[in-house]
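Reviewing the structure listed below.
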Amino acid sequence: MNKLIILASGSGSNAIKIIEYFENQNDAVVSAVLTDNRHASVLDKCKALDIPTVYFSAALFGSSAFKDLLNSFHPDLIILAGFLKKIPSEVIVKYPDKIINIHPSLLPKYGGKGMYGANVHKAVKENKELESGVSIHYVNENYDEGQIIAQYKVDIDIDDSVEQIAKKVQRLEHLHFAPTIETILKNNG
Ligand code: GRF
């Protein structure tokens, strides 16, 4: 049984989709959701689903105790789902090809520092893009630059508002993130 841990800072809609997806099959289980935001609404949602949660402070995140915290779950995959902080390089070294992130654009477009949430979709609209989408990628030392595992595209109409673009992209995230994780786990043997 593969053990997954999810890092999330906010609403956690992707985290919840992943939890629900793996509840219905026997290959993997979400062992815990970790957050750097004690007010993240994902915490209440996890409580309702009986999923353990851990809040960690900024001080702990920057220390080696954070690595110990991750290690204590013996994770097969660490999933960033709306987690905004940069992962320390000693953690990346410890978990080669075992940390993945989801990003709401077709990387390498609209990635990097400051490119999150509505900022991404605003930039897509401003540039009159005709498509956007989702990238699932390995995490390396640089924001949104790790090797891309999978991308899913959606058409953008010129009249789409930023909110409509966000909705289209989120729909793709909810549809594809968990099955892509399942494929990654299968490929990792
Ligand atoms: C998603 O758009 C994801 O691509 C990005 O952060 C957002 C998280 O949304 N990395 P949610 O908290 O899962 O609803």
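Keep in mind that the numbers below use all heavy atoms, side chains included, and drop hydrogens, waters and symmetry copies. For ligands, and for the atoms within them, numbers begin at 1 and follow the listed sequence.
Ligand 1 lies under 4.0 Å from heavy atoms of Ser11, Gly12, Ser13, Asn14, Gly82, Ile102, His103, Pro104, Glu173.
Judged by distance alone, with hydrogens and angles left aside, the side-chain atoms of Ser31 form no donor-acceptor pair with the main-chain N or O of Lys3 at under 3.5 Å. Under a 3.5 Å cut-off, the side chain of Asn119 and the backbone N or O of Met115 do not form any donor-acceptor pair.
Taking 4.5 Å as the limit, some side-chain heavy atom of Ile99 sits within range of a side-chain heavy atom of Ile87. No side-chain heavy atom of Ser64 sits less than 4.5 Å from a side-chain heavy atom of Glu90.
A side-chain N or O of His103 and one of Ser105 form a donor-acceptor pair less than 3.5 Å apart.
Remark: Asp36 pairs with Ser9, Phe56, Phe83, Lys85 by the side chain to side chain contact (heavy atoms under 4.5 Å, CB included) rule, at least two apart or across chains.
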